[in-house]
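Values reported hereafter were calculated over all heavy atoms of this structure, with side chains retained and with hydrogens, waters and symmetry mates removed. Start at 1 with the first residue, then count along the sequence. None of these values were measured; they are calculated from a predicted model.
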Amino acid sequence: QVQLVESGGGLVQAGGSLRLSCAASGPTASSYAMGWFRQAPGQEREFVAVITWSAGYRDYAESVKGRFTISRDDAKNTVYLQMNSLKPEDTAVYYCTSAGGVSRSPADFPSWGQGTQVTVSS
């Protein structure tokens, strides 16, 4: 399985920006798709964004479309999430994930990072 390590979380004010990074190690075939999910206390883990090798495919949750941008550096096997115009409802633990195919379901992603906390104050 792929090992994933997130960084870049923190506390920001509403309207601010934050950039998350996730470095992957392991078989590159297992990180063909890399993405982000988030989970707030008492809630289910929800899809945020996903991207494939060479950025051939990108997908976003409707709640973040136009505000968040996912990208990746294939040489470093690293995925990024640029978050702009942050809202209090974006507050959650953000998890990096990878898989051999594209999905919006967390059950389809076998590898996960430890999570990084994002808190947006009003």
State, to 0.1 Å, how close [X] and [Y] come at their nearest heavy-atom pair, and which atoms those are.
X	Y	result
A24	V2	CB-CG1, 3.7 Å
Y32	G100	CD2-O, 3.4 Å
I70	I51	CD1-CG2, 3.7 Å
Q43	Q39	O-NE2, 3.0 Å
S17	S85	OG-N, 4.4 Å
G101	A33	O-CB, 3.4 Å

Report yes or no: does T91 contribute a side-chain atom to a donor-acceptor pair with the main-chain N or O of V120 at less than 3.5 Å?
yes
Strictly distance-based, threshold 3.5 Å: is any side-chain N or O of E6 a donor or acceptor partner for the main-chain N or O of C22?
no
Assess the residue pair D74 and S54 against the criterion (side-chain contact (heavy atoms from CB on, under 4.5 Å)); give the C-alpha distance rounded to whole Å, side-chain angles, the decisive distance to 0.1 Å, and a yes or no.
CA-CA 7 Å; D74 292 337; S54 300; 3.6 Å; yes
Among the clusters formed by ILVMFWY side chains lying less than 4.5 Å apart, do [X] and [Y] turn up in the same one?
X	Y	result
Y94	F47	no
F109	V48	no
Y60	M34	yes
V12	F68	yes
M83	W36	yes

So how far is it from [X] [atom1] to [Y] [atom2], rounded to the nearest 0.5 Å?
X	Y	atom1	atom2	answer
D59	Y57	CG	OH	3.5 Å
S122	K87	OG	NZ	14.0 Å
L4	S31	CG	OG	8.0 Å
N77	Q3	CG	CD	11.0 Å
Q82	S21	CD	OG	9.5 Å
D90	L18	CG	CG	10.5 Å

Return the set of residues passing side-chain contact (heavy atoms from CB on, under 4.5 Å) with V5 (not counting sequence neighbours), or none when no residue passes.
Q114
E46: which residues meet the side-chain contact (heavy atoms from CB on, under 4.5 Å) condition with it, sequence neighbours left out?
R38
So, do C96 and W112 sit near enough that their side-chain heavy atoms are less than 4.5 Å apart?
no
So do T116 and L20 actually touch side chain to side chain, heavy atoms under 4.5 Å?
yes
Set out, in order, the CA-CA distance, both residues' side-chain angles and the distance that settles side-chain contact (heavy atoms from CB on, under 4.5 Å) for R58 and T69, then state yes or no.
CA-CA 9 Å; R58 300 183 193 187; T69 302; 4.1 Å; yes
